[in-house]
Enquirer: 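Here it is, the structure, as structure tokens.
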Amino acid sequence: MKETQTPPARILGIESSCDETAAAVVEDGRVLLSNVVASQIDLHARYGGVFPEVASRQHIRTIYGVIDQALQDAHLSLGDIDAIAVTRGPGLAGSLVVGMNAAKGIALSCGLPLIGVNHLEGHIYSAWVYKPDLVQPLPAPQFPLIALLVSGGHSEINLINDHLTYQRLGGTLDDAAGEAFDKVARLLGLPYPGGPSIQKASTNGNPTAFAFPRARLEGTWDFSFSGLKTAVLRVVRQFEAEHRILPVEDMAASFQAAVVDVLVSKTIRAAQTYRAKQILVAGGVSANRALREAFLAQTSFPVHIPPLSLCTDNAAMIASAGYFRFTKGQRDPLNLDVAPTWRLS
Ligand code: KG4
Ligand code: ZN
């Protein structure tokens with residue numbers, strides 16, 4: 001008897017939760033056919049952070065061009081797409097609405113299923129995505145896994161026993177890791193976004209120059225970065241009072257080392273405690289070189305960290321998570337609303 005093969009499912013992902021307008025096409029949740037990201041960083045840099053009104057207006061200007069480009073790069077038309085996955089939240093309401101409305105318009109006009117995806121779930125699924133030109137497909141993450149999610153708005157550790165199920169073990173009690181990078185960069189006079197600026201300044205800095213505090217919060221899987229931020233501020237004030245030049249590179253490197261130390265040690269301990277098979281690290285801060293190197297150096301657990309292009313906000317991760325929801329049967333109604341404060345679990 002002849003075997004029937006299911007044709008691949010191609011999902012168009014749309015992401016507009018913060019300051020990147022993005023669209024991508026991913027096949028079967030894993031193969032990246034296109035990935036277009038229009039960054040607004042230059043627009044927001046002058047404000048030292050994301051200006052919500054400016055962000056939503058810019059999304060409106062760029063979203064249809066970005067979607068067209070994603071289809072063109074994948075050499076596909078809307079007729080080849082099986083479903084539209086869109087970020088529903090968390091994020092800025094005015095920004096989310098732009099992506100949501102574009103997704104609904106396409107879903108309605110083409111008769112395609114609409115799938116709302118949690119942005120944080122998207123970050124996790126970025127670890128499933130690989131480019132088709134790889135010699136061998138990247139092995140998929142294996143459950144149970146411990147996922148460290150570190151972005152500009154969130155920092156949490158989740159135990160993931162199977163697709164689309166999350167048990168939040170702990171998270172930040174104050175600033176998210178990316179937020180701490182952004183705020184400390186501002187204190188050190190480094191440009192927005194702070195993560196890449198601190199990483200760059202750290203290259204020539206001594207990570208042991210300042211013994212910045214590490215909030216271990218023993219007995220929990222929580223984090224806290226506000227004490228660390230205050231410690232940096234205290235040193236800045238002291239140097240200013242003494243009219244001394246701020247040792248920006250040493251301070252950046254010492255701050256980065258403190259953040260990395262806490263994130264890595266806690267995640268590895270969670271993986272041991274919950275007998276996870278693997279560790280997954282995702283979100284904008286997972287682009288940090290020191291964090292990536294520390295994970296690879298400090299544990300024998302297999303560690304999945306997305307390629308740099310998929311660490312910060314993108315739509316490939318939304319298309320991937322959308323695929324797994326699509327195959328599970330999720331179909332959302334066309335009156336689906338955005339969910340700016342939506343939690344993962
Ligand atoms: O995931 P993401 O693009 O957006 C959110 O969902 O928040 O993360 C953005 C955050 C920003 O706080 C940015 O400073 C941080 O990720 N980030 C980094 C690096 N690249 C981006 N933090 C540390 N090192 C980096 N190389
Ligand atoms: Zn994000």
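Computed over heavy atoms, backbone and side chain alike; hydrogens, waters and symmetry mates excluded. Counting convention: from 1, in listed order, for ligands and their atoms alike.
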Enquirer: What pairs with Lys229 under salt bridge (Lys or Arg N to Asp or Glu O under 4.0 Å), at least two apart in sequence or on another chain?
Expert: Asp175

Enquirer: Considering distance alone, does some N or O of Gln199 sit under 3.5 Å from an N or O of ligand 1?
Expert: yes

Enquirer: Would you tell me which option among Cys18, Gly284, Gly283, Gly195 has the nearest heavy-atom contact to atom 21 (C) of ligand 1?
Expert: Gly284

Enquirer: Taking Asp82 for the side chain and Ala9 for the main chain, is one N or O donor matched with an acceptor at less than 3.5 Å?
Expert: no

Enquirer: Among all protein heavy atoms, pick out the one at the shortest distance from atom 24 (N) of ligand 1; state its residue, atom name and that distance to 0.1 Å.
Expert: Asn288 ND2, 3.0 Å

Enquirer: With backbone taken as N, CA, C and O and side chain as the heavy atoms from C-beta onward, which portion of His123 lies under 4.0 Å from ligand 1: side chain, backbone, both, or neither?
Expert: side chain

Enquirer: With no hydrogens and no angle check, is any side-chain donor or acceptor of Ser95 less than 3.5 Å from a backbone partner on Ala55?
Expert: no

Enquirer: Do Gln40 and Asp42 pair up side chain to side chain, a donor and an acceptor below 3.5 Å, judged on atom types alone?
Expert: no

Enquirer: Looking at Gly178, which atoms of ligand 1 are within less than 4.0 Å of one of its heavy atoms?
Expert: 12 (O)

Enquirer: Do we see a donor-acceptor contact under 3.5 Å between the side chains of Glu27 and Tyr323?
Expert: no

Enquirer: Could you tell me if Gln167 and Thr165 have a donor-acceptor pair between their side chains, going purely by distance under 3.5 Å?
Expert: no

Enquirer: How long is the gap from CG on Leu344 to CZ on Arg168, to the nearest 0.5 Å?
Expert: 9.0 Å

Enquirer: With only distance considered, is Gly152 within less than 3.5 Å of ligand 1 through an N or O on each side?
Expert: yes

Enquirer: Would you mind checking which non-hydrogen protein atom is closest to atom 14 (O) of ligand 1, with the distance to 0.1 Å?
Expert: Asp182 OD1, 2.7 Å

Enquirer: Donor-acceptor pairs under 3.5 Å, side chain of residues 287-296 to any protein atom, not counting sequence neighbours: which ones?
Expert:
residue: Asn288; atom: OD1; partner: Ala290; partner atom: N; Å: 3.1
residue: Asn288; atom: OD1; partner: Leu291; partner atom: N; Å: 3.0
residue: Asn288; atom: ND2; partner: Gln256; partner atom: OE1; Å: 3.0
residue: Arg292; atom: NH1; partner: Ser286; partner atom: O; Å: 2.8
residue: Arg292; atom: NH1; partner: Pro306; partner atom: O; Å: 3.2
residue: Arg292; atom: NH2; partner: Pro306; partner atom: O; Å: 2.9

Enquirer: Mark up the atoms of ligand 1 that fall under 4.0 Å of a heavy atom belonging to Gly153, in ascending order.
Expert: 7 (O)

Enquirer: Mind checking salt bridge (Lys or Arg N to Asp or Glu O under 4.0 Å) for Arg61 and listing every partner two or more places apart, or none if nothing turns up?
Expert: none

Enquirer: Starting from atom 2 (P) of ligand 1, find the nearest protein heavy-atom neighbour and note its residue, name and distance.
Expert: Asp313 OD1, 3.3 Å

Enquirer: Between the side chains of Asp73 and Gln69, is a donor N or O closer than 3.5 angstrom to an acceptor N or O?
Expert: yes

Enquirer: Can you list the ligand 1 atoms lying under 4.0 Å from a non-hydrogen atom of Thr312?
Expert: 3 (O), 21 (C)

Enquirer: Output, in order, the C-alpha distance, side-chain angles, deciding distance and verdict of side chain to side chain donor-acceptor pair (under 3.5 Å) for His59 and Thr21.
Expert: CA-CA 6 Å; His59 284 309; Thr21 322; 2.9 Å; yes

Enquirer: Around the Zn ion (ligand 2), what protein N, O or S atoms are found below 2.8 Å?
Expert: His119 NE2, His123 NE2, Asp313 OD1

Enquirer: Give the contacting part of His119 toward ligand 1: side chain, backbone, both or neither, where contact means a heavy-atom distance below 4.0 Å.
Expert: side chain

